[in-house]
Amino acid sequence: MAQSVKGMRDLFGAELRWFQHIEETARRCFERHGYREIRTPILEELEVFKRSVGDSSDIVKKEMYDFEDKGGRHVVMRPENTAGVVRAAIQHKLLTSSDPVLFYYIGPQFRYERMQTGRYRQFWQIGAESFGVASPESDAESLVMLYDFLRELGLAKLTFSLNSVGTPESRPAFQAAFRAFFAARQERFCGDCHRRIEENPLRVLDCKVPTCQAALEGHPLISDFLDEGSLRHHARLKELLSELGVPFTEDPRLVRGLDYYTKTAFEVLSGDIGAQSAILGGGRYDLLVKHLGGPDVPAFGWAIGLDRLAMVLQQVRGEAPQTPPALLIPLGERAATEALKLARDLWKAGVALQLETRGGALKKALASANRLGIQTVLILGDGELDAGTVTVKHMATGEQESWPLSEVSKRLGGLSLD
RNA sequence: GCGGCUGUAGCUCAGUUGGUUAGAGUACUGGAUUGUGAUUCCAGAUGUCGUGGGUUCGAGCCCCAUCAGCCGCCCCA
């Protein structure tokens with residue numbers, strides 16, 4: 001039997017309902033902040049990611065689906081979406097005015113990784129990118145949008161981990177100090193950390209090995225090396241978040257895996273989904289646009305893992321909210337014709353209605369309604385047709401009543417049928 | 001990429017030291033009279049025991065390979 005490719009999965013049923021609910025909520029929340037959707041291609045040129053995500057990162061070094069297309073182009077299935085959005089914004093000259101440009105995206109991303117719960121080779125991200133504003137107010141606006149979005153989904157207890165990773169000007173001094181600190185006690189660090197100190201020193205800070213965390217005791221703090229601008233930015237952002245009631249904890253060891261971040265970096269972890277605990281992350285990336293060949297435009301953005309978010313929501317909230325349609329059951333051939341006509345009128349009026357077309361026994365249809373979780377059943381037989389009514393059965397209570405045909409639409413929440 | 005575990009009906013699992021036609025619960029199908037469900041009762045159907053090789057008189061059980069999934073690391077969403 002044919003099976004889906006490793007790491008690729010089919011989405012349907014209860015899980016897909018969460019995906020849909022999250023996506024609908026996201027669009028509503030982001031659109032009202034003035035963000036607009038952007039959809040970029042899944043395939044990008046390799047260079048886009050090498051220059052943005054960073055060619056020392058694992059994502060670029062070993063996790064990309066990359067291949068040569070029939071025209072000899074070296075293409076990559078996007079491992080994340082920020083680089084593509086930036087590329088598109090530059091290509092279409094969207095960043096030439098002084099107005100901010102606000103985008104959100106929803107789409108699949110691809111990384112060739114070892115499978116695990118919450119980690120798939122095709123996974124979905126929702127993200128928002130804000131271009132053109134360097135102020136901490138811009139960070140706060142984006143973060144409060146994200147926070148309110150998560151609140152609207154019903155996640156109450158999440159807290160942002162917040163840090164500032166400074167600027168390329170302030171970073172060398174810290175890195176030198178940190179390397180010296182590391183060198184002085186390098187025998188206490190694990191093999192992975194020795195690799196990290198060379199490739200991405202900041203990553204040593206969030207090593208999970210307890211002995212490494214112990215060895216980090218008293219390490220130089222990024223905040224002690226921050227330039228004046230980054231410090232003021234960070235202080236102001238914290239002030240704003242406090243004013244807005246957005247909960248956060250400062251985490252001086254928080255760093256981001258992607259190379260393009262400056263100043264603000266943040267993430268949210270969840271304890272509900274095993275080792276793959278990161279559900280979202282982001283921060284400021286003031287240099288990326290210019291680095292990719294665009295104008296010198298600051299930016300702030302983040303991405304949420306939809307697969308993991310859906311998993312967390314399913315765990316803390318159970319089933320995704322949904323209103324099942326009503327079910328119309330005709331009895332007999334004459335009723336079948338009339339039911340089809342009635343259903344069509346109701347559909348036109350915007351009523352959610354499922355039509356029983358199998359024509360079997362009523363008890364079968366009711367059992368089926370029960371399985372589908374349908375609350376309201378309309379029964380249309382010869383008696384009802386002659387009386388110009390429909391029998392309405394409320395599945396939860398078993399109570400039945402009779403409605404005139406002309407009132408069905410209105411009483412099911414649709415438009416009037418006149 | 002590294003280390004460990006698992007794979008038996010749609011789902012959750014049992015299957016005794018290898019021994020005849022592989023089981024349960026649940027779900028499913030039909031029935032308990034004509035137009036009333038989810039409870040109850042009766043009946044029924046269901047599997048290449050992940051796949052391919054091997055050992056054996058005999059393999060769901062042992063060995064090897066392979067595929068898929070799970071757990072931890074790495075990485076990250």
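Convention: sequence-line order gives letters A, B, ...; per-chain numbering from 1.
Pairing of B:rU26, defined by two Watson-Crick or G-U wobble distances under 3.5 Å, is identified with B:rG10. Shown here, B:rU39 forms no base pair; nothing in the strands shown gives a Watson-Crick or G-U wobble contact with both key distances under 3.5 Å. Nucleotide B:rU34 is matched to nothing when pairs are restricted to Watson-Crick or G-U wobble geometry with both distances under 3.5 angstrom. In a base pair of the Watson-Crick type (N1 to N3 plus N6-O4 or O6-N4) or a G-U wobble (N1-O2 and O6-N3), with each distance short of 3.5 Å, B:rU46 is matched with no nucleotide. With a cut-off of 3.5 Å on both Watson-Crick or G-U wobble distances, the partner of B:rC2 is given as B:rG72.
Atom pair A:Met311:CE and B:rC70:P shows a separation of 9 Å (rounding to whole Å applied). Between the CE atom of A:Met64 and the P atom of B:rG1 there is a distance of 16 Å, rounded to whole Å. Atom C1' of nucleotide B:rU51 and atom CD of A:Gln3 are separated by 10 Å, given to the nearest angstrom. For A:Asp307 and B:rA77, the CG to P distance is 13 Å, given to the nearest whole Å. Rounded to a whole Å, the NZ atom of A:Lys363 is 13 Å from the C1' atom of B:rU40. For A:Lys6 and B:rU66, the NZ to C1' distance is 12 Å, given to the nearest whole Å. The interatomic distance linking A:Arg195 (CZ) with B:rC73 (P) rounds to 15 Å, in whole Å. Straight-line distance from the CD atom of A:Glu113 to the P atom of B:rC74: 13 Å, rounded to whole Å.
Using a 4.0 Å heavy-atom criterion, one finds that A:Leu331 contacts the bases of the nucleic acid, with or without backbone contacts as well. Among the heavy atoms of the strands lying under 4.0 Å from A:Gly398 is at least one base atom, whether or not backbone atoms are also near. Counting any heavy atom pair closer than 4.0 Å across all strands shown, A:Lys208 reaches a base atom. Contact annotation for A:Gln109: no contact, since no heavy-atom pair falls under 4.0 Å across all strands. Using a 4.0 Å heavy-atom cutoff across all strands shown, A:Arg371 reaches sugar-phosphate atoms only and no base atom. Nucleic acid contact class of A:Ala367 (heavy atoms, under 4.0 Å, all strands): sugar-phosphate only. Counting any heavy atom pair closer than 4.0 Å across all strands shown, A:Ile379 reaches a base atom. Within the 4.0 angstrom heavy-atom criterion, no nucleotide atom of any strand lies near A:Gly360. When heavy atoms are screened at a 4.0 angstrom cut-off, A:Arg196 is found touching the sugar-phosphate backbone but no base atom.
On the P atoms, B:rC74 is 46 Å away from B:rU56, given to the nearest whole Å. B:rU34 and B:rU39 have their C1' atoms separated by 24 Å, given to the nearest Å. Comparing B:rU26 with B:rC71, their P atoms are spaced 29 Å from each other, to the whole Å. Here, B:rU36 and B:rA24 have their P atoms 33 Å apart, quoted to the whole Å. Between the P atoms of B:rC11 and B:rU16, the separation comes to 22 Å (whole Å). B:rA38 sits 33 Å from B:rA22 when the P atoms are compared, rounded to a whole Å. For B:rA32 and B:rG37, the C1' atoms lie 16 Å apart once the distance is rounded to whole Å. B:rA14 and B:rG3: their C1' atoms are spaced 31 Å apart (whole Å).
Ion pairing of A:Glu80 with A:Arg111 is absent here, as no side-chain N (NZ or NE/NH1/NH2) approaches a carboxylate O to less than 4.0 Å. The pair A:Arg9-A:Asp307 meets the salt-bridge criterion, since a charged nitrogen lies less than 4.0 angstrom from a carboxylate oxygen. Under a 4.0 Å N-O distance rule, the pair A:Glu31/A:Arg36 qualifies as a salt bridge.
With hydrogens and angles ignored, a donor-acceptor pair under 3.5 angstrom links the side chain of A:Arg114 to the base of B:rG3. The base of B:rU36 lies close enough to the side chain of A:Lys393 for a donor and an acceptor atom to sit less than 3.5 Å apart. Between the base of B:rC76 and the side chain of A:Arg308 there is a donor-acceptor pair shorter than 3.5 Å. Scanning atom types as modelled, one donor and one acceptor separated by under 3.5 angstrom connect the side chain of A:Glu384 and the base of B:rG35. The base of B:rC75 lies close enough to the side chain of A:Arg119 for a donor and an acceptor atom to sit less than 3.5 Å apart.
Within the 4.0 Å cut-off from OP1 or OP2 of B:rG35, not a single side-chain nitrogen or oxygen of A:Lys364 is found. A close approach under 4.0 Å does occur between a side-chain nitrogen or oxygen of A:Thr117 and OP1 or OP2 of B:rC71. For B:rU36, the OP1/OP2 oxygens have no side-chain nitrogen or oxygen of A:Gln400 closer than 4.0 Å.
Take the nearest nucleotide of RNA chain B for A:Gly305 and for A:Met8: the residue whose nucleotide is more 5' is A:Met8. The 5' end of RNA chain B is approached more closely, in terms of each residue's nearest nucleotide, by A:Val209 than by the other of A:Val209 and A:Leu280.
The number of heavy atoms from other shown groups lying within 6.0 Å of CD (A:Glu45) does not exceed 12. Within 6.0 Å of the OH atom in A:Tyr112, the count of heavy atoms belonging to other residues, nucleotides or ligands does not exceed 12.
Between A:Phe300 and A:Phe266, the ring planes are parallel. Angles under 30° get that label, and only those over 60° would be called perpendicular. Between A:Phe189 and A:Phe182, the ring planes are parallel. Angles under 30° get that label, and only those over 60° would be called perpendicular.
Side-chain proximity of A:Asp58 to B:rA77, B:rU36, B:rC74: nearest is B:rC74. Among the nucleotides B:rC73, B:rA77, B:rG35, the one closest to any side-chain atom of A:Asp192 is B:rC73. The side chain of A:Gln116 lies closest to B:rC71, out of B:rU36, B:rC70, B:rC71.
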Chi angles and distances behind the side-chain contact (heavy atoms from CB on, under 4.5 Å) call for A:Ser164, A:Leu226: CA-CA 8 Å; A:Ser164 176; A:Leu226 289 181; 3.8 Å; yes

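At a cut-off of 3.5 Å, with distance as the only test, a side-chain donor of A:Thr391 or A:Glu384 sits close to an acceptor on the other residue.
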